[in-house]
Amino acid sequence: MGEAKGRGPYAKTPARRAMIVRAARDSFAENGYAKASLRDIAERVGITHAGLLHHFRNKDELLAAVLAERDSEEWQQGLAQVDRPEQLSPYLGELVRHHQKAPELMRLWIELAATASRSDHPAHAYFVERYERGRAQFAEGLRGKADGSRLREGLSPESAAVLFHAVLNGLQLQWVLDQELDVTGPLDDFVRLLLDRDGR
């Protein structure tokens, strides 16, 4: 009886961690990162503060998990919805509009990405790997799902991947600073600059 009880928390760890991450995502979006508390997040899940700390050591680690989950969800959506170059712009517009519904999460992502540029930051390795993977997969998509004539002449898939991430992140930063700014239009223009739709 005691042995089965001891195994219980470990058997439920992945599901419990997922519940905590979802509760944290809601709390950060509603209250902002600074005002959100681990105790509030624990209450949303129905566990104690100490129970939450069994899964995540601090709020920074929990924020990284929230953003990593969002990244993973969006990457899977992108793979499912974009298999031709002409589908890229509509998907990105939809993605940006979705982000704009939760500006606090967008702001937190930008802030964490900047602070994680330090090599000693706990999220440094995650962001390095994230960008490496994103650039490689974007470039591979341009090579594998579009013939060479669809990319502007003289532009390599690798350069296009670097430019894509720079523009997408930069536009979102500008929107966080000025939420009246239209960024979906310029994003569509940028995709058209990358792709030679007329085959010229």
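Keep in mind that what you see is a predicted model, and the values were worked out from it rather than measured.
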> Rounded to the nearest 0.5 Å, how far does CG of Leu53 lie from CG of Asn58?
8.5 Å

> Between Phe164 and Phe138, what is the ring plane arrangement, given parallel below 30°, perpendicular above 60°, and tilted in between?
parallel

> Under a 4.5 Å cut-off applied to non-hydrogen side-chain atoms, are Pro157 and Leu151 in contact?
yes

> Report yes or no: does Arg17 contribute a side-chain atom to a donor-acceptor pair with the main-chain N or O of His55 at less than 3.5 Å?
yes

> If you define the side chain from C-beta out and look only at heavy atoms, does anything of Ile41 sit under 4.5 Å from Phe56?
no

> Hey, any chance Val162 and Val191 share a hydrophobic cluster, counting ILVMFWY side chains that come within less than 4.5 Å of each other, even indirectly?
no

> Please say whether more than 12 non-hydrogen atoms of neighbouring residues, nucleotides or ligands are located less than 6.0 Å from CZ in Arg133.
yes

> Testing the basics here: between Gly185 and Asp182, what is the closest heavy-atom pair and its distance to 0.1 Å?
N-OD1, 3.3 Å

> Go through the structure and list residues passing side-chain hydrogen bond (donor to acceptor under 3.5 Å, both in side chains) with Tyr131, not counting sequence neighbours.
Asn169

> With rounding to the nearest 0.5 angstrom, report the NE2 to CD distance, His99 to Gln172.
5.5 Å

> Please report the interatomic distance CZ(Arg57) to CG(Leu52), rounded to the nearest 0.5 Å.
13.0 Å

> Between Arg152 and Leu193, what is the shortest heavy-atom contact and its length?
CG-O, 2.7 Å

> Check Glu104 with Arg107, please: is the shortest side-chain N to carboxylate O separation under 4.0 Å?
yes

> Counting N and O atoms only, with roles assigned by atom type, does the side chain of Lys35 sit under 3.5 Å from a partner on the main chain of Ser27, one being a donor and the other an acceptor?
no

> Report the distance from atom CG of Asp178 to atom CG of Leu173, rounding to the nearest 0.5 Å.
11.5 Å

> Any side-chain to backbone donor/acceptor pair from His165 onto Ala161? Under 3.5 Å, distance only.
yes

> Counting C-beta onward and ignoring hydrogens, is there a side-chain heavy-atom pair between Arg39 and Thr48 closer than 4.5 Å?
no

> If we ignore hydrogens and angles and just use 3.5 Å, is the side chain of Glu94 paired with the main-chain N or O of Pro90 as donor and acceptor?
no

> Check Glu30 with Arg25, please: is the shortest side-chain N to carboxylate O separation under 4.0 Å?
no

> Can you tell me if Arg22 uses its side chain to pair, donor with acceptor, with the backbone of Val66 under 3.5 Å?
no

> Distance from Leu95 atom CG to Gln100 atom CD, nearest 0.5 Å?
10.0 Å

> When rounded to the nearest 0.5 angstrom, what distance separates CG in Leu171 from CG in Leu92?
10.5 Å

> Is there a donor-acceptor pair closer than 3.5 Å between any side-chain N or O of Thr115 and the backbone N or O of Glu111?
yes

> Within the distance-only criterion (no hydrogens, no angle test), does the side chain of His124 pair as donor or acceptor with the backbone N or O of Ala116 below 3.5 angstrom?
yes

> Just wondering, do Ser117 and Phe127 contact through their side chains at under 4.5 Å, heavy atoms?
no

> So Leu194 and Leu155, do their side chains get closer than 4.5 Å, heavy atoms only?
yes

> Would a 4.5 Å heavy-atom cut-off, applied to side chains only, mark Asp26 and Arg44 as touching?
yes

> Contact between Trp175 and Met106 at the side-chain level, heavy atoms closer than 4.5 Å - yes or no?
yes

> Closest approach of Leu63 and Phe28, non-hydrogen atoms and distance?
CA-CE1, 3.8 Å

